[in-house]
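Quick note on labels: first sequence line is chain A, next is B, and so on, each numbered from 1.
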Amino acid sequence: AQSVTQLGSHVSVSEGALVLLRCNYSSSVPPYLFWYVQYPNQGLQLLLKYTSAATLVKGINGFEAEFKKSETSFHLTKPSAHMSDAAEYFCAVSGAGTASKLTFGTGTRLQVTL
Amino acid sequence: DGGITQSPKYLFRKEGQNVTLSCEQNLNHDAMYWYRQDPGQGLRLIYYSQIVNDFQKGDIAEGYSVSREKKESFPLTVTSAQKNPTAFYLCASRTDGLATNEKLFFGSGTQLSVL
């Protein structure tokens with residue numbers, strides 16, 4: 001069984017401020033972890049993924065996330081927010097098997113203000 | 001350009017009516033998925049197919065049906081048995097292999113509403 005908890009359904013930051021979106025996971029097998037971004041009325045786009053290699057993962061658009069097994073966390077960060085980062089962000093977990101399903105969190109909507 | 005095409009972008013259903021959402025991919029992907037997205041609930045898996053002529057129920061399959069007659073196509077039918085069909089529906093696909101879910105591509109979605 002696997003699950004994802006995203007803390008905070010809405011996060012608001014000022015332009016230029018640090019972005020921190022929280023994700024905690026539960027998995028009975030070594031997890032693969034993902035962050036996706038969704039812009040309004042569009043599909044999801046992969047930001048970054050952890051697949052048991054380096055624990056600090058760098059993704060597109062300046063985002064990165066760190067896998068911390070002891071804390072069962074995979075928080076998403078960006079040093080300086082930009083207006084174009086405003087979107088909904090989803091954390092997801094899966095196992096490594098070919099038949100493993102992807103389980104999504106409930107999403108965090110990021111608002112960026114001037 | 002390769003990608004996943006979902007149509008229509010907006011769809012309205014009358015009471016008791018079946019409607020079909022289209023999903024086509026030209027990525028030569030083996031596996032295809034249908035997700036339902038409701039506000040505040042994230043994405044929930046409806047059906048998935050790992051190979052032509054085979055598909056499995058996801059977490060919320062009741063009231064839905066699918067077919068996979070061609071590798072490129074995975075249409076979803078929302079039947080009259082689905083009492084709360086209003087949602088945003090997303091189709092996704094991936095190539096098969098050991099690195100599961102690493103290359104999951106999403107379509108741009110269909111918003112289904114009830115008249």
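- Note: B/Tyr35 OH to A/Phe104 CZ = 5.0 Å, rounded to the nearest 0.5 Å.
- Note: A/Gly43 leads A/Gly105, A/Ser9, A/Gly107, A/Gly43 in heavy-atom pairs under 4.5 Å with chain B.
- Only the backbone of B/Gln41 has a heavy atom closer than 4.5 Å to any heavy atom of chain A.
- With a threshold of 4.5 angstrom between heavy atoms, B/Gln37 approaches chain A through side-chain atoms but not through N, CA, C or O.
- Interface remark: B/Tyr89 contributes no atoms to any contact with chain A (heavy atom separation under 4.5 Å).
- Only the side chain of B/Leu45 comes within contact range of chain A, with heavy atoms under 4.5 Å apart.
- From B/Arg44, atom CZ reaches atom OG1 of A/Thr103 across 13.0 Å, with rounding to the nearest 0.5 Å.
- Counting non-hydrogen atoms of neighbouring residues, nucleotides and ligands closer than 6.0 angstrom, the NZ atom of B/Lys9 exceeds 12 such neighbours.
- No more than 12 heavy atoms of other residues, nucleotides or ligands lie within 6.0 Å of CD1 in B/Ile51, so this atom counts as exposed by the packing criterion.
- Across every non-hydrogen atom of A/Gln42 and B/Leu90, the tightest pair is O-CD2, 4.4 Å.
- Only the side chain of A/Gln38 comes within contact range of chain B, judged by heavy atoms closer than 4.5 Å.
- For the atom pair OH (B/Tyr48) and CG (A/Leu102), the distance works out to 12.5 Å, reported to the nearest 0.5 Å.
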